[in-house]
Amino acid sequence: MSYNFNEIEKKWQEYWDKNETFKTDVWDFSKPKYYALDMFPYPSGQGLHVGHPEGYTATDIMSRMRRMQGYNVLHPMGWDAFGLPAEQYAIKTGNHPSGFTAKNIATFKKQLKMLGLSFDWSREISTCDPNFYKWTQWIFKRLYEDGLAKLVEMPVNWCEGLGCVLSNDEVINGKSERGGYPVVRKNMKQWVMDIPKYAEILLSGLDEVDWPESTKEIQRNWIGKSVGAEVKFKVANTDKSFTVFTTRPDTLFGATYCVLSPEHELVDEITTDEYKKAVEEYKAMASAKSDLERTELNKEKTGVFIGSYAINPVNGKEIPIWISDYVLATYGTGAIMAVPAHDERDFEFATKFKLEIIPVLQQETGTVRENESFKNSIVAVLYNPKTNKYLTINWGDKGGRLFIGGTKKDNETDIDCAIREIQEETGYTNIKFIRNTFPIKHHYFAYNKNKAYAINAVGLLFELVDDLKVNTNLDKEEENNFKVEWVSSNQIAEVTDELHSTVFNNLKNPQAFVEDGIHINSDFLNGLGKQDAINKMIEWLEENKIGDKKVNYKIREWIFARQRYWGEPIPIVYTEDDEIHVLADDDLPLILPELEDYAPSKTGASPLDKATNWVNTTFEGKKARRETSTMPGSAGSSWYFLRYIDPHNDKEIADPKLLKHWMPVDLYVGGPEHAVGHLLYSRFWNNYLYKKGLAPTKEPFAKLRHQGMILGSNGEKMSKSKGNVINPDDMVKEYGADALRIYEMFMGPIDAAKPWDPNGIDGSKKFLDRVWRLFVESGKVQDKPNPNLEKVYNFTVKKVSNDYENMYFNTAISQMMIFINSAAKEDILPKEYAEGFVKLLSPVAPHIAEELWNRLGHNDTITYETWPTYDESKLIDDVIEIAVQVNGKVRATISIPTDCAEEEVKKIAHANSNVQLHLEGKTIIKEIYVKNKIYNIVAK
RNA sequence: GCCGAUGUGGCGGAACUGGCAGACGCACCAGACUCAAAAUCUGGCGGGAAACCGUGUGGGUUCGAGUCCCACCAUCGGUACCA
């Protein structure tokens, strides 16, 4: 028999509605508060999908448990109702988006109610409701007055397919997030939010919140803080100068050229006549590239010399100035100093254009010892292109495989030294020099001389021209100690010496050295490590008034206007004398006018331009035109969590006393895809409101958790075209809301992506059936004790409580299953345990829990019953089983009294026949006892 | 490329600070009930005949490693020349 979930769920949903069970008295400050929030949905025409109930059930479980634990719980729901899809639907069908949206909201609400979620529906809000967006506009007004919302001419992401400007987080790989249309850079006058002003606050605030570390990291990367210095470079033979930004001022002595972005204002002024034409051509080419092309062009570096030289302020050296589009006009100062030895991009550019490379930071290998002797050395790698092999010297057990090494004599160059050593040790003489490494500092101990060395080593690569050999110059002893061998590149792995393998890798794959090291060729920085040198150089720059410490952020202004109809109107007018004015508070809300034709225009004009009666207005007696772009979708969602606290207030965004009591949100649950959009914008607005004294906390969301995506049963993302979509309505009809909730929580960890198993929900339903039979039909629930269930009951209360607390819903449910399995085997289920179990079950499966509670003889809702407790002492067994291992392998399981003395355990363990069998003929070396866990015998 | 996460039976997943890998569920197999099926109940279920082998791969630390360290591979997410 299975229970009639249709009837029961309907009965209790009506009960909750009628009794306003979940209505929150926000003015009741007598209990601790708990604010559990879901990211409110965009009410699409599709209706709810199975991903929605996942997050919503999680917050619902927490809310329901907290109510039983004596908290005053705020658990609201609303609608993120402005946005593109409704508008596009309207364009297609000719229906007004507001009607369409209202219909969708009704559907969503019905579906959510069907799931038995304990929302306080009296607080329902919708971002497209004038009573709500009045306050969105009101906040915009404050932001405008404080200079954070501003109108600027800037290059924007223009999407022709949507006829609209997009913000950076709405552009994915050069295409629009919605629709996948191409996006290009275009200069336009735009409303923006100066979110970079809040970069530091938004960065440091992350340390104060309990969020998934990965999400914090995404925000940190998006904000992109880098600390460095600005340095002024004079242009030789002019009175002009430019400033560069660098995070590595310590490498200034290695700056061998400068690069300006093609758009840099100084370019035209300092380009010499000889180079004018090339520079013009390059600039034209760079500006014609869209962002998409720039990223798709595989990043082969391009650029041209402009004829002028800059003066390196630390050494007065004249270095060439180039322009290249690898330097971005929009970041830092749009100009860089290039240090090819220590920056990958500069290295690539310098290699391609044969520019000078000066190392100023030396790599260090080996281990530093006391009393080191110093010498200059080389490591020579000889390559034979005909056989594709490398020359090595095999020292056998006296040092393994090495390349040719040697010590430089006075006045000998690296190359001369290498040639001499190769000849002396191997006889090859007809060789061609290819390239060398930067000098490496290497520390080692020479055991034959019993002496520690610190050497300055340069690696050199040669190619063998022919096999001609002359006599080697070795003594007998040396000759017997090593073999000269040609080996292929995979055998090079046998070269384990740190210096030799480093040299080989550098020679084979020349690259910039970007790690920490010791400064060389750097005057007053010589000998310092990276960070010390950075500090010292910044000091020096500031003293000499050449530069300053400087912090830059990658985060860009948030583009805050869309050339769309279905959004909040921006409360701004332009009077005929070209002044910009913001509407008075009394004139808010500025209502969105009705419109016949919503179609976007290809020119970037907003659909609202067509509402002539609305656009043409007066302001303080002057003729005026209204702003016709609207706010982006993320405007209303940036503060809605405040409004739930006091949703009907028509005097202010919310009563400050209520805000103070209820903020911050204690638990916020939603998808990880909002990491840099909504979750950053909300923090920005909330921080701003906090500064204004309008919000009580800096951070709006104290704890954030994500729900993972539910995939189709084939492991792929659900989509209509793949035919793997599961509809929650069907699931509720077939198995009931409780079964759906149980299954979604049981699938796996809340934040993991999980495939839908069509049989899984059937299993969850069977579990509820089993509970029903046990409670209602078996007659086993009696007001009598049953000591057999004592331990499992107390453990279940403990585990389920802890697991809910940590949002480990899958293991909580599995523990409830274990309890039911145990209870079903018994003849008596004590009423006390039955009641406790129903309470544990009620947050996940509230309908059946209410019904069972009712049938256990209570006539009120279970919602505000007290959460069950457990007795720790009932969890301890008198006798436990532990494993006995011999040499780490389990050979027996023995029963011992809990907390048994080691001597006793030893006796029991050794008495076991299988243990004896495995010890036979062996001597016991050691025995390890981990109390109440394991006994391990080590024997030989 | 860089940053982050993940990798355990046929499948979803358990495993506390290193201590009997595979809890719980799905699927499957066998049995009971039934004329039969469904439902339900009982039992089994990583591989191997066994010794043993098994947590992405290869090393290491340890009496003992899914868990810690090193190197690598694969998948997913973020990012795209940010100086």
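First the proteins, then the strands, lettered A, B, ... as listed; each starts at 1. Please read all numbers here as calculations on a predicted model, not as lab measurements.
Residue A:Arg773 places none of its side-chain N or O atoms closer than 4.0 Å to OP1 or OP2 of B:A39. OP1 or OP2 of B:C63 has at least one side-chain nitrogen or oxygen of A:Lys926 nearer than 4.0 Å. Taking 4.0 angstrom as the limit, A:Tyr326 places none of its side-chain polar atoms (N or O) nearer than this to OP1 or OP2 of B:A83. Residue A:Asn810 places none of its side-chain N or O atoms closer than 4.0 Å to OP1 or OP2 of B:C24. Proximity of A:Ser226 to the phosphate of B:A83: a side-chain N or O atom is located under 4.0 Å from OP1 or OP2. Remark: A:Asn821 is in phosphate contact with B:G25, judged by side-chain N or O atoms under 4.0 Å from OP1 or OP2.
Comparing B:U40 with B:A21, their C1' atoms are spaced 32 Å from each other, to the whole Å. Separating the P atom of B:G44 from that of B:G18 is a span of 33 Å, rounded to the nearest Å. With both ends at atom P, the span from B:G13 to B:U8 equals 9 Å, rounded to whole Å. Look at the C1' atom in both B:U62 and B:C69: the space between them is 12 Å, to the nearest Å. B:U57 and B:C73 have their C1' atoms separated by 6 Å, with the value rounded to a whole Å. One C1' atom belongs to B:G54, the other to B:G31, and the distance between them is 31 Å to the nearest Å. Straight-line distance between the P atoms of B:G43 and B:G25: roughly 12 Å, to the nearest whole Å. Across the C1' atoms, B:A14 and B:U67 are found 14 Å apart, a figure rounded to whole Å.
Counting non-hydrogen atoms under 4.0 angstrom, A:Ala338 reaches nothing in the nucleic acid. Contact annotation for A:Gln815: no contact, since no heavy-atom pair falls under 4.0 Å across all strands. Counting non-hydrogen atoms under 4.0 angstrom, A:Val930 reaches a base of the nucleic acid. Among the protein residues, A:Pro749 comes within range of the sugar-phosphate backbone only, with heavy atoms under 4.0 Å from sugar or phosphate atoms but none that close to a base. Among the protein residues, A:Gly224 comes within range of no part of the nucleic acid, since none of its heavy atoms lies under 4.0 Å from any strand. If you check every strand for non-hydrogen atoms under 4.0 Å, A:Arg770 touches sugar and phosphate atoms only. The residue A:Ile928 sits close to a base: some heavy atom pair falls under 4.0 Å.
By the 30° and 60° cut-offs, the orientation of the rings of A:Tyr326 relative to A:Phe349 is tilted. The aromatic rings of A:His674 and A:His678 sit perpendicular, their planes meeting at an angle over 60°, well past the 30° parallel limit. Ring planes of A:Tyr929 and A:Tyr935: tilted class, angle from 30 to 60°.
Judged by a 6.0 Å distance limit and a 45° cone about the ring axis, A:Arg683 is positioned over the six-membered ring of A:Trp211. Taking the centre and axis of the six-membered ring of A:Tyr553, the NZ or CZ atom of A:Lys225 falls outside the cone set by 45° and 6.0 Å.
In terms of position along RNA chain B, the nucleotide closest to A:Asn759 lies nearer the 5' end than the nucleotide closest to the other residue of the pair A:Asn759 and A:Ala335. When the nearest nucleotides of RNA chain B are assigned to A:Val676 and A:Lys225 by heavy-atom distance, the more 5′-ward of the two goes with A:Val676.
Proximity note for A:Asn221 (side chain, C-beta onward) versus B:U79, B:A21, B:C3: the nearest is B:C3. Considering only the side chain of A:Thr811, B:A14 comes nearest among B:G19, B:A14, B:A83. Of the listed nucleotides (B:G78, B:A83, B:G4), B:G78 has the atom at the smallest distance from the side chain of A:Ile218. You'll find that the side chain of A:Ile818 is closest to B:A23, out of B:C63, B:A27, B:A23. When the nucleotides B:C63, B:C20, B:A27 are ranked by their closest atom to the side chain of A:Ala883, B:C20 comes out on top. Taking only side-chain atoms of A:Asp325, from C-beta outward, the nucleotide of B:C63, B:A27, B:C81 with the closest atom is B:C81. For A:Lys933, taking side-chain heavy atoms from C-beta onward, the closest of the listed nucleotides B:C63, B:C16, B:G25 is B:C16. When the nucleotides B:G19, B:A27, B:G25 are ranked by their closest atom to the side chain of A:Ile934, B:G19 comes out on top.
A salt bridge is defined here as a Lys NZ or Arg NE, NH1 or NH2 lying under 4.0 Å from an Asp or Glu carboxylate O, and A:Asp207 with A:Lys216 fails to meet this definition. Salt-bridge annotation for A:Arg220 and A:Glu213: present, with a side-chain N of the basic residue lying under 4.0 Å from a carboxylate O of the acidic one. Taking 4.0 Å as the cut-off between side-chain N and carboxylate O, A:Glu54 and A:Lys754 count as a salt-bridged pair. A:Glu872 has a carboxylate O that lies under 4.0 Å from a charged side-chain N of A:Lys798, or vice versa, which qualifies the two as a salt bridge. Comment: A:Asp762 engages A:Lys766 in a salt bridge, judged by a side-chain N to carboxylate O separation of less than 4.0 angstrom.
Protein atom CD of A:Gln707 is 16 Å distant from nucleotide atom P of B:G77, rounded to whole Å. Remark: C1' of B:G19 and CD1 of A:Ile894 are 14 Å apart, rounded to the nearest angstrom. The separation between A:Trp322 atom CH2 and B:A83 atom C1' is 18 Å, rounded to whole Å. Atom-to-atom, CZ of A:Phe347 to P of B:G1 comes out at 18 Å; the value is rounded to the nearest Å. Between the CG atom of A:Asp751 and the P atom of B:U6 there is a distance of 9 Å, given to the nearest Å. Going from atom NZ of A:Lys352 over to atom C1' of B:C81 covers 14 Å, rounded to whole Å. Atom CD in A:Glu927 sits about 15 Å away from atom C1' in B:G64, given to the nearest Å. Straight-line distance from the NZ atom of A:Lys765 to the C1' atom of B:A39: 11 Å, rounded to whole Å.
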* **Sugar-phosphate or base contact per nucleotide [nucleotides 44-55 of chain B; S, B, -; heavy atom under 4.0 Å]** => --------SS--
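Both key distances under 3.5 Å define a Watson-Crick or G-U pair, and stretches of 3 or more such consecutive pairs in RNA chain B run B:1-7 with B:73-79, B:10-12 with B:24-26, B:28-32 with B:40-44, B:56-60 with B:68-72.
None of A:Ile546, A:Val244, A:Thr246, A:Leu541 except one satisfies the side-chain contact (heavy atoms from CB on, under 4.5 Å) rule with A:Leu252; the exception is A:Leu541. Screening A:Tyr735, A:Trp756, A:Phe809, A:Phe767 for a ring-ring contact (aromatic ring centres under 6.0 Å, His included) with A:Tyr743, the sole residue that qualifies is A:Trp756.
Looking at heavy atoms from C-beta onward, A:Thr893 lies out of side-chain contact with A:Val884 at the 4.5 angstrom threshold.
In this structure, B:G9 shows a glycosidic angle within 90 degrees of zero, which is the syn conformation.
The environment of A:Lys780 atom NZ is dense: over 12 non-hydrogen atoms of other residues, nucleotides or ligands sit within 6.0 angstrom.
For A:Lys301 against B:C81, a side-chain N or O and a base N or O form a donor-acceptor pair under 3.5 Å. Residue-to-nucleotide contacts include a donor-acceptor pair under 3.5 Å from the side chain of A:Asn936 to the base of B:C63.
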